Amino acid sequence: MRPIKKVEIICASVEVRKILTALEKLEVSGYTLIRDAEGMGDRGRRLADEVTDVFKNSYILVCCSPEMAEKISQKVQPSLKKFGGVCLVSDAQWIRVGEDHPERKEP
Amino acid sequence: MRPIKKVEIICASVEVRKILTALEKLEVSGYTLIRDAEGMGDRGRRLADEVTDVFKNSYILVCCSPEMAEKISQKVQPSLKKFGGVCLVSDAQWIRVGEDHPERKEP
Amino acid sequence: MRPIKKVEIICASVEVRKILTALEKLEVSGYTLIRDAEGMGDRGRRLADEVTDVFKNSYILVCCSPEMAEKISQKVQPSLKKFGGVCLVSDAQWIRVGEDHPERKEP
Amino acid sequence: MIDPGLLLNNLLTPPVLFFTLGMAAVFCKSDLEIPQPLPKLFSLYLLFAIGFKGGTELRHSGLTGEVVAGLGVGLLMACIIPLYVYFILRSKLDAANSAAIAATYGSISAVTFIAAETFLGKLGIPYGGHMVAAMALMESPAIILGVMLYRWQMTKGDGDPADWGELFREAFFNGSVFLLMGSLLIGMITGESGKESLEPVVVDFFKGALCFFLLDMGLVAARRLKDLMRAGSFLLGFAIWAPLLNAAVGIALAKLAGLGIGDALLLAVLGAGASYIAVPAAMRHSIPEANPSIYVPMALAITFPFNVLIGIPLYLSIIQWLWS
Amino acid sequence: MIDPGLLLNNLLTPPVLFFTLGMAAVFCKSDLEIPQPLPKLFSLYLLFAIGFKGGTELRHSGLTGEVVAGLGVGLLMACIIPLYVYFILRSKLDAANSAAIAATYGSISAVTFIAAETFLGKLGIPYGGHMVAAMALMESPAIILGVMLYRWQMTKGDGDPADWGELFREAFFNGSVFLLMGSLLIGMITGESGKESLEPVVVDFFKGALCFFLLDMGLVAARRLKDLMRAGSFLLGFAIWAPLLNAAVGIALAKLAGLGIGDALLLAVLGAGASYIAVPAAMRHSIPEANPSIYVPMALAITFPFNVLIGIPLYLSIIQWLWS
Amino acid sequence: MIDPGLLLNNLLTPPVLFFTLGMAAVFCKSDLEIPQPLPKLFSLYLLFAIGFKGGTELRHSGLTGEVVAGLGVGLLMACIIPLYVYFILRSKLDAANSAAIAATYGSISAVTFIAAETFLGKLGIPYGGHMVAAMALMESPAIILGVMLYRWQMTKGDGDPADWGELFREAFFNGSVFLLMGSLLIGMITGESGKESLEPVVVDFFKGALCFFLLDMGLVAARRLKDLMRAGSFLLGFAIWAPLLNAAVGIALAKLAGLGIGDALLLAVLGAGASYIAVPAAMRHSIPEANPSIYVPMALAITFPFNVLIGIPLYLSIIQWLWS
Ligand SMILES: Nc1ncnc2c1ncn2[C@@H]1O[C@H](COP(=O)(O)O)[C@@H](O)[C@H]1O
Ligand SMILES: Nc1ncnc2c1ncn2[C@@H]1O[C@H](COP(=O)(O)O)[C@@H](O)[C@H]1O
Ligand SMILES: Nc1ncnc2c1ncn2[C@@H]1O[C@H](COP(=O)(O)O)[C@@H](O)[C@H]1O
Ligand code: NA
Ligand code: NA
Ligand code: NA
């Protein structure tokens with residue numbers, strides 16, 4: 001059991017690729033993405049009902065250290081500013097298993 | 001960085017329209033909706049495996065002030081009571097961009 | 001309004017069935033499942049883009065007492081260890097309706 | 001009374017076999033599944049195809065006496081069934097659940113209807129395209145009646161006036177009713193030329209889509225069987241004998257109205273079928289006090305399989321015997 | 001000037017009627033919906049089918065003078081329209097939105113094109129398969145031009161060099177452009193034998209899929225109508241007269257290039273159509289300062305219905321009158 | 001040895017070209033994608049169609065000596081391949097990954113099989129419908145054998161007895177195996193009459209769906225290529241020479257059993273193909289210690305493209321040379 005920061009990002013679907021790349025560059029240990037989310041905000045409704053993803057949001061969750069949370073929220077600011085979205089940080093306990101999982105063993 | 005309340009509502013999919021309308025009437029600044037969720041609760045399993053949405057849940061997230069959180073949870077009580085569901089309130093930091101985004105400029 | 005623990009589990013989709021069964025055996029009062037999630041972690045990317053669910057995650061949310069949260073996180077450890085995933089516990093207020101909902105009345 | 005040849009003839013068609021395969025998958029604990037929204041695609045397609053075909057045929061036949069008789073008898077049946085079902089159930093159940101089940105059994109099951117059409121097609125027995133119109137007309141009245149019965153019972157009428165508008169919208173502009181009606185209308189408007197242009201999709205593609213959809217229905221029906229144990233043996237039994245009773249009413253009315261064998265079977269099946277798409281969606285809003293874990297599995301996991309596997313050939317046997 | 005027979009002939013085809021049905025569903029507050037990603041399936045299918053068919057026909061016809069003329073005129077038009085649209089709009093709008101709308105109207109609408117093809121097919125008027133190639137070629141230039149206009153305005157050129165590569169990727173390798181181009185190429189490569197093997201899917205299935213897709217377009221267009229109120233009356237009007245103007249340019253160019261009636265209509269429709277798939281996706285990345293709640297609903301909720309319901313028969317009336 | 005005419009004949013068919021288009025889209029960084037669950041729709045459809053067709057043909061031919069030979073040889077092969085693959089790999093890999101890869105290569109790839117059928121169809125070379133039954137039978141044994149090898153190695157047998165039941169369920173009632181087997185059975189039961197009613201869906205629609213599915217496979221395979229770098233050069237090479245070796249075994253067995261050219265090719269392809277649907281799903285549960293980021297991309301991103309692009313015409317060249 002380890003206290004961590006939960007960073008939740010709701011962003012425009014068109015920005016997901018860039019944001020995930022940014023997260024990987026920051027070397028986060030992992031992230032989870034729920035691709036299809038709708039929403040309403042300052043920029044009006046996004047109903048996700050078109051064939052293009054222009055009016056669609058996605059939800060990204062990152063569990064990380066407070067320092068990393070700080071870095072992430074800095075990093076995604078410009079995208080959220082341009083394309084809309086929300087970045088939330090909250091506290092949680094990560095009940096994580098040891099690092100000795102089998103798939104790590106290189107063949 | 002601004003402390004806010006995170007209101008999470010899990011509700012019957014058939015009620016989503018009404019709840020979103022209620023949120024808009026309360027003039028929340030925004031919300032996010034994940035339309036497809038399954039679940040189990042006092043009313044049994046909802047497997048979301050039918051062509052009708054009768055046994056399906058949806059997930060709604062609203063970030064707002066404590067007062068608004070109070071209002072929202074009052075407002076959704078009757079629907080949750082009739083159709084089942086959960087309303088959670090927790091704390092988070094909203095790392096939000098300034099309000100000067102371009103799409104606001106009316107043409 | 002009642003303080004509760006929010007247990008969030010991100011697990012391999014192939015494990016969802018087993019984990020839900022485990023939760024039901026522990027007699028949780030309910031859970032919510034978002035079936036389609038992608039992610040990245042120690043075991044690489046899971047893009048959820050194949051016809052098999054081998055590289056896909058799911059998201060499970062359980063609201064419960066601290067004791068139950070403890071039991072759940074113990075229970076899911078082996079699965080998360082073998083198949084990857086995350087288990088988070090955080091605090092929230094459950095604004096839950098009374099138990100007198102109509103569907104309970106047996107016919 | 002049921003002709004074993006007919007029964008076999010029905011059981012050994014691909015759609016029915018795929019339904020059985022779906023049920024078998026659940027019993028074998030196979031992980032076979034048809035993820036959403038694929039079943040929705042097939043259900044939308046079936047409504048579109050059957051509505052459109054019915055419309056073109058209605059245009060072709062015109063508004064003959066036979067057509068009027070079929071529609072009239074259908075509507076009549078849709079108003080009778082919910083009434084007696086409600087009063088039968090009230091002896092054992094509360095008003096909300098009785099009303100919801102009455103609406104469920106008073107309305108129709110499009111897929112059961114399609115299975116009956118397919119069965120008639122296979123046997124080469126003719127039937128009228130206007131029966132699709134009858135089906136479309138029969139979907140809504142039961143919803144209205146069910147809710148009226150319930151509100152009447154509750155007397156106090158806590159309903160604000162807007163409620164009734166909402167109810168009629170639910171009943172008539174419900175997604176599946178709307179698509180069926182709309183496609184029927186478009187079929188009527190475009191007639192021959194429309195039929196030609198959509199033939200490959202509406203006709204050739206139909207049986208395959210039906211097989212797929214029934215495969216999914218089999219999966220869902222089998223999964224729901226467990227839920228039914230909760231409903232108690234009275235309701236389990238009801239889910240079998242209600243279709244029998246309602247089919248009998250349909251057959252009697254068809255005989256009185258002088259319909260042909262094909263149309264009589266379709267009418268019987270419209271009576272026997274219970275709605276698991278349009279009605280549950282409407283009941284959820286209009287009678288939230290009723291428990292969907294009762295009325296949905298009854299329609300879906302018992303009445304539907306019963307009709308598709310045994311009911312259809314049984315009703316046809318009876319009709320052939322009565323009409324001959 | 002519009003021939004009422006033609007208008008009716010267009011309005012009463014299944015695809016147009018299903019579009020209307022979709023709009024009606026929203027106005028009646030029906031809960032009919034076609035959940036994602038089903039609309040994506042139909043949109044991918046339509047691009048695949050139209051590209052492949054066009055390719056096989058192009059292979060069949062070869063690179064004749066007529067083909068070269070069609071492609072050349074199409075490309076020319078795709079470069080002119082964004083320019084004048086941009087300068088017209090700049091008088092009232094900021095650079096970002098002007099550029100995005102210019103790209104939207106300079107590019108094409110595949111479904112409008114398909115509706116025009118279907119309409120010609122119904123009337124038995126011949127047209128060249130190479131017009132699909134023209135369409136494919138016309139999708140990207142407007143994107144490039146729109147962004148160039150915008151960046152030129154901003155002068156400062158805050159763009160890091162990589163930006164242009166990104167832009168060209170957006171313009172030419174955009175999902176829908178890529179699939180259309182790729183299917184066209186594959187159609188050209190496989191020719192007759194490919195056509196034969198895919199005929200049932202690419203031809204027979206086409207009209208049905210079109211109906212379904214248009215049903216969804218109707219739903220989405222009607223939902224977006226509200227958003228348009230924000231856009232103000234200038235842009236509302238623009239969404240009607242821009243297609244008229246652009247169609248006129250297309251017709252004039254077609255006349256000058258000596259195209260036949262069918263090809264002239266298709267060219268007019270390529271001019272008149274506004275993109276609501278490829279361009280919005282590209283603009284979102286390349287001109288994020290523009291507001292998609294303006295340019296998408298203009299194209300989708302006004303220009304598209306206008307073209308499909310009235311524009312196509314109107315342009316044809318004019319062409320028939322000018323060509324005769 | 002490979003006949004360049006055959007190679008071209010294979011490379012220039014729509015399905016193979018669409019596969020290439022999918023790979024190209026990823027290399028060009030296009031954002032083209034086929035969102036879930038659409039690929040699942042096509043994969044379910046292909047299993048349904050191929051199973052059903054095979055069943056009707058099996059019914060037609062009956063249980064002749066040829067059929068028995070085909071099935072027997074197929075089953076034999078499905079038991080041999082996992083064994084030698086396992087022991088080859090054990091020299092370099094741990095037991096878990098060796099066993100999982102052995103199961104992957106011992107099982108079959110339905111889409112590779114379909115591509116081979118399509119190729120034979122195009123060349124007009126006859127083949128037996130019972131080979132689909134052989135395919136269905138060959139899917140499970142490799143799963144069982146792989147897990148047995150692994151458990152035998154671990155000796156301690158930490159398995160509670162229930163485990164074996166679970167394993168057999170995974171192997172035989174796996175979604176894709178179940179649908180294939182079920183459709184085959186339904187095809188056998190309904191025979192001619194079933195075939196007629198489903199012909200448009202099962203036959204006419206087939207090639208188009210195959211193109212779409214292969215487009216998606218191209219996208220996924222190309223995305224996975226990067227993951228493979230992790231796997232190391234031994235496994236990369238293995239993913240090429242294993243299909244060659246297994247095809248050779250298949251060809252040898254076909255020769256011994258006296259199969260015709262068409263059936264021999266299908267058997268070779270059943271040997272050469274590696275499973276990326278049924279087996280990974282089963283291995284994930286039964287050998288969680290094995291790394292799916294190794295065995296899935298090997299099968300999907302190397303062996304599959306190799307077989308579809310080069311393998312099939314290569315095996316046919318060899319067979320034609322040996323059989324003549
Ligand atoms: N207060 C809020 N609570 C939850 N989600 C929000 C909120 N505001 C915005 N969002 C989400 O962020 C997206 C973009 O917001 P905006 O930039 O305000 O238009 C919306 O479509 C919502 O999905
Ligand atoms: N304890 C819980 N934790 C998480 N989700 C719950 C819980 N209880 C209920 N739910 C969700 O709320 C829905 C309706 O619950 P109920 O009203 O208890 O039947 C369920 O289908 C779940 O999705
Ligand atoms: N730090 C993290 N934050 C959010 N999600 C994570 C994190 N680490 C892992 N995950 C999720 O858990 C899955 C399995 O992780 P792993 O076991 O680390 O490969 C990933 O695919 C992610 O969806
Ligand atoms: Na009925
Ligand atoms: Na245009
Ligand atoms: Na193999």
Side-chain angles (χ1 to χ4, degrees), chain E residues 35-45 47-49 51-53 55-56 59 162 165-166 168-206 208-209 277-278 281-282 284-285, chain F residues 8-42 45-46 49 114-115 117-124 198-216 218-219 222:
Chain E
Q36 288 295 354
L38 301 181
K40 279 185 191 157
L41 172 63
F42 292 109
S43 118
L44 290 171
Y45 164 78
L47 292 171
F48 153 76
F52 187 81
K53 253 191 307 187
T56 57
R59 162 75 170 267
E166 180 74 5
F168 279 81
R169 203 179 56 65
E170 281 290 342
F172 292 106
F173 295 153
N174 187 299
S176 57
V177 177
F178 197 90
L179 181 57
L180 183 64
M181 282 280 195
S183 305
L184 191 98
L185 259 175
I186 294 178
M188 282 179 65
I189 295 172
T190 57
E192 251 346 277
S193 84
K195 192 181 167 183
E196 242 165 68
S197 75
L198 289 186
E199 185 109 42
V201 173
V202 158
V203 177
D204 301 350
F205 196 60
F206 195 77
I277 301 185
R284 211 63 187 105
H285 289 289
Chain F
L8 222 63
N9 221 325
N10 180 50
L11 286 180
L12 299 186
T13 48
V16 175
L17 287 169
F18 274 102
F19 181 77
T20 322
L21 187 69
M23 298 196 86
V26 174
F27 298 140
C28 298
K29 303 203 173 172
S30 166
D31 61 354
L32 179 63
E33 57 161 11
I34 302 188
Q36 286 298 352
L38 301 180
K40 277 183 194 158
L41 172 63
F42 292 109
Y45 164 78
L46 291 175
I114 289 168
E117 274 196 347
T118 310
F119 186 54
L120 288 174
K122 208 192 157 192
L123 299 177
L198 289 185
E199 184 109 45
V201 173
V202 159
V203 176
D204 301 349
F205 196 61
F206 195 77
K207 290 240 179 80
L210 183 59
C211 288
F212 244 88
F213 189 65
L214 281 172
L215 176 64
D216 181 65
L219 290 165

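The basis for the numbers below is simple: all heavy atoms, side chains too, and nothing from hydrogens, waters or symmetry mates. Quick note on labels: first sequence line is chain A, next is B, and so on, each numbered from 1. For clarity, every value in this text was computed on a predicted model and none was experimentally measured.
- With sequence neighbours excluded, no residue satisfies ring-ring contact (aromatic ring centres under 6.0 Å, His included) with F206(E).
- When P14(F), G208(F), A209(F) are compared by the number of non-hydrogen pairs under 4.5 Å with chain E, P14(F) comes out ahead.
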Run L215(F) and L179(E) through side-chain contact (heavy atoms from CB on, under 4.5 Å) and show every step you take.
CA-CA 10 Å; L215(F) 176 64; L179(E) 181 57; 3.8 Å; yes

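- For the set S176(E), A49(E), A281(E), S183(E), the entry with the most heavy-atom pairs within less than 4.5 Å of chain F is S183(E).
- In this structure, the portions of P37(F) lying under 4.5 Å from any heavy atom of chain E include both its backbone and its side chain.
- Looking at T20(F), its side chain does come within 3.5 Å of a backbone N or O of V16(F) through a donor-acceptor pair.
- For a residue to count as touching a neighbouring chain, one of its non-hydrogen atoms must lie under 4.5 Å from one of that chain's; by this rule F18(F) touches chain E with backbone and side chain alike.
- Between chain F and the options V202(E), L44(E), N174(E), L38(E), the largest number of non-hydrogen pairs under 4.5 Å is found for L44(E).
- Using a 4.5 Å cut-off between heavy atoms, L41(F) contacts chain E through its side chain alone, with no backbone atom that close.
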Please list every donor-acceptor pair under 3.5 Å in which a side-chain atom of residues 185-196 of chain E meets a protein atom from a residue at least two apart or in another chain.
from, atom 1, to, atom 2, distance (Å)
T190(E), OG1, I186(E), O, 2.8
S193(E), OG, T190(E), O, 3.4

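- Aromatic pair Y45(E)/F205(E): ring centres closer than 6.0 Å.
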